[in-house]
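A short worksheet on the structure shown next.
These figures come from a predicted structure and were not determined experimentally. Proteins get letters first, then strands, A, B, ... in listed order; numbering begins at 1 in each.
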2 protein chains.
Amino acid sequence: MKTTQNIDVTVDAIVFGYNKEIGVTVLLIKRKNDPFKGQWALPGGFVEPTESLELAVARELKEETGVKINYLEQLYTFGQPDRDPRKRIISVAYFGIVKSSQFKKLKAADDAEDAEWFKIKHLPALAFDHQKILKMAIDRLRSKMIYQPIGFELLDKKFPFSDLEHLYSTLLGRPIDRRNFRKKVMGLGILEELDEKAPSLGAGRPGNLFQFNKATYNQLVKEGMHFEI
Amino acid sequence: MKTTQNIDVTVDAIVFGYNKEIGVTVLLIKRKNDPFKGQWALPGGFVEPTESLELAVARELKEETGVKINYLEQLYTFGQPDRDPRKRIISVAYFGIVKSSQFKKLKAADDAEDAEWFKIKHLPALAFDHQKILKMAIDRLRSKMIYQPIGFELLDKKFPFSDLEHLYSTLLGRPIDRRNFRKKVMGLGILEELDEKAPSLGAGRPGNLFQFNKATYNQLVKEGMHFEI
DNA sequence: GCAAAAGTGTTGGGCCTACACCCATGC
DNA sequence: GCATGGGTGTAGGCCCAACACTTTTGC
């Protein structure tokens, strides 16, 4: 098979963020160049000849949006021959999460005219097959959250328990039983309760702060944990 | 980014089979050409300019081994810059299953000097990073089997219940309680009991034959089924 | 003192695990 | 008739869902 393939390889990133007031959001850029100039799209771009795929994602994210991610995993590779009007382009999509604290720091640059967080409930029209890619990412986020505590990655390093509650009930789209949820999560032993109160928001009793113990979590995963909500 | 990337795209297939006597096996080919000439490797090859990735997998499998697969899903994309000694090659790996009945029909051709089923317990040295890819595929097979009934895809269209039992206890590497297993599986309602006996193997009472009801299964998946062994 | 959010236990039912014997067939 | 694999029921325990009131704080 010595014929030239003439296939290009890109990476795309679906980066989720979370904020108590806004809910779950995804990071999009407005394209500066054709094709789909002026349209919203997933951040991403061509892989450099000598960099790994993961590096390419991190680089493109930094260049286009200024965001640094806290969690990254490969999602899926999209390779339909006609998915890009220019030529055949195969895109390896990555699924990323930024912590709440990193949430606002956006600065569009490079190929992007603009970068913004969009609520996953209210998305604009997207370029290429990015609608399909994003849908797959949202499905993955939902299903991963209910059997692995990646939800924790969306929160700050220290957070009040109610943030976790809100995150889960928002994303699952249904109310959760607060008592049972707390019992279940605490039962896993991967949350450490701190000796610190959350800043009061003007009303109501301030909660205690917690933090995620990643070491204990990794231990559990090895032993074959079972989470389920 | 108008510089030529000079990256090639291949697909690789990790195809599993099952047979009561032999256990779980994976399909490998012996390479006819350099690099790694004469070594065992995963079947696969370069993607043609206008075919989809799935088609490329199916074509390569047919060309190199003569096998037709019953189940196929994307596994992962391997893109480390140095994973092929010739040049940068990104490989999209697919995870496939053939039914027991298709098991023996191998005929090496094309790039392959030979094609053979290997027990996953006794694997030869593999070319490229195929060891790593295969390991990931086996992990996926194991974890998928315990929460989705893809194990059924490894069996024939009609099979005695004991085949399913043996498959699961082999792959899980531990004995399973026959009564509980039967109750659990039958409780899902995705197996239809047929009015037909399995051919007797010379000893013992012949069992009834069953078949997998894919429609009911798909229905269940939509409603959010929960399997777990 | 009142509005808002945090924190906390018990019970009933369903599900899952553990466990052993009889049945049909081939030789 | 014996060896081999097929087929079946039950009881106890554990876990999970359902459920409401008291506490702390800001205003």
### Heavy atoms from other residues, nucleotides or ligands near NZ of A:Lys32 exceed 12 (cutoff 6.0 Å)
yes
### Task
Scan B:Ile138, B:Leu171, B:Thr25, B:Ile150 and name whichever one has a side chain to side chain contact (heavy atoms under 4.5 Å, CB included) with B:Phe16.
B:Ile138
Nearest whole angstrom, please: distance from the [atom2] of [N] to the [atom1] of [X].
| X | N | atom1 | atom2 | value |
| --- | --- | --- | --- | --- |
| A:Ile176 | D:dC19 | CD1 | P | 16 Å |
| A:Phe181 | C:dA6 | CZ | P | 13 Å |
| A:Leu209 | C:dA5 | CG | P | 17 Å |

### Query
Are the aromatic rings of B:Phe128 and B:Phe78 close, with centres under 6.0 Å apart?
no
### Message
Counting primed atoms plus P, OP1 and OP2 as sugar-phosphate and everything else as base, spell out the protein contacts along nucleotides 6-17 of chain D at 4.0 Å heavy-atom distance: B, S or - for each nucleotide, 5' to 3'.
### Response
BBBBB------B
### Task
Would you please classify the geometry between the A:Phe152 ring and the A:Tyr168 ring as parallel, tilted or perpendicular, with 30° and 60° separating the classes?
perpendicular
### Message
Less than 6.0 angstrom from the centroid, inside 45 degrees of the normal: does B:Arg182 satisfy that with respect to the ring of B:Phe161?
### Response
yes
